[in-house]
Number of protein chains: 2
Amino acid sequence: MASYSIPAGYKFHPSDEDVVRFYLRPKATGQPLPYPDIVFEFDLYGEKEPSEIWDMFGGPSLDETEDLFFFTKLKPLSRSRVNRSVGIGGTWSNESSKTIFARGTRIPIAMKRNFRYENPGSLQDGAWIMREYSLPMKTQPDVGSSSSSSYVVCRLSKNDRPKPKVVGEVPAKKEEMKSLINLHKRKIDQER
Amino acid sequence: MASYSIPAGYKFHPSDEDVVRFYLRPKATGQPLPYPDIVFEFDLYGEKEPSEIWDMFGGPSLDETEDLFFFTKLKPLSRSRVNRSVGIGGTWSNESSKTIFARGTRIPIAMKRNFRYENPGSLQDGAWIMREYSLPMKTQPDVGSSSSSSYVVCRLSKNDRPKPKVVGEVPAKKEEMKSLINLHKRKIDQER
């Protein structure tokens, strides 16, 4: 690994292609990374809430435009379903997806899925955004195993535009809210 | 000067305070800079149009989120007026200004002025944004001279939100446009 020192004013602001080319692909294929300790290895789809992960990895000291990056492993439930529930009652809800192409080509190099944190009834509901970069399936023959090829890169950031709170509706809709929470506890992300 | 090498994914995205603390203040006081060749020395208030400057300094190869940074010297016309005309018929028009404070304090460390490129009748009208960082006047006793204390940092970027073109009005308002252009040629930015 090369020895680096980051000059003042430089921040980790990788383009989508940078993430795939310099971090995700080397990690998935067991190659050395260009820089250590900037993409942390941590289970984003585990017991910790996004706010806890944000605090654990220095989020509060970042500039407004900076995000946190993680290598994490997907937790497939089947060949097309992945478990993206988080902590207690939370889940990452898919908002949109797009294919990342190598610059200036139509060669797909990764999928980028955009998620929004949902946890109805929690103050954190809607407060977090996560972008997940994964290699195309054909380069992931072993997605169900624990091999390094099942790694994805997750980019965690605060949501600057949380959905507006509906004031005064909570008591009237308590029952509805309860059933929504129950629904969420069972909900499993089915988009892959 | 320390020896640096920038790892993949890192971009020059300085915060306002980074610009002032690590680049503007050292430059104005003759101290060494943390990194060479990232803030270019060039006359932003001279003969070159923003589009020419953008091309000269590698703007087209930057990521969408990257800007170009320059050290330039103000051209005072008097103690309170600065000439910010550009090229032929262009000018930087002040849109807003704010004071930059040292992080977590109310200690002013610089002024940040936001400009928009205006050149009525040109395709470049409204297409560029420039943010100018200057040290507070008290640390600039010599602003009228050619000393290094009259340096400012200019941050040049493309305007993603150009003002909407009014279609069909040009022929009817040709005379008005002409007089606007003449007005602009005489216009001198008077906000300092």
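Within every chain, numbering begins at 1; the chains are lettered A, B, ... in the order of the sequence lines, protein sequences first and strands thereafter.
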**Asked** Honestly curious: do Val86(A) and Met56(A) fall in one hydrophobic cluster under the side-chain, below-4.5 Å linking rule?
**Response** yes

**Request:** Indicate yes or no for a side-chain donor-acceptor contact from Tyr35(B) to the backbone of Ile6(A) under 3.5 Å, with no hydrogens or angles considered.
**Result:** no

**Message:** Ignoring hydrogens, what is the shortest heavy-atom contact between Phe22(B) and Ala8(A)? Give both atom names and the distance.
**Reply:** CG-CB, 3.3 Å

**Request:** Could you name each residue pair satisfying salt bridge (charged side-chain N to carboxylate O under 4.0 Å, His left out) that touches residues 46-58 of chain A, not counting sequence neighbours?
**Result:** none

**Message:** Which residues pass the side-chain contact (heavy atoms from CB on, under 4.5 Å) test with Ser15(A), not counting sequence neighbours?
**Reply:** Glu17(A), Asp18(A), Lys11(B), Asp63(B)

**Shortest non-hydrogen separation from Pro34(A) to Pro7(B) and the atoms involved** = O-CB, 4.4 Å

**Message:** Does Arg21(A), at its CZ atom, have more than 12 non-hydrogen atoms belonging to other residues, nucleotides or ligands within less than 6.0 Å?
**Reply:** no

**Item:** Per-residue contact mode, Phe12(A) against chain B (heavy atom under 4.5 angstrom)
**Value:** both

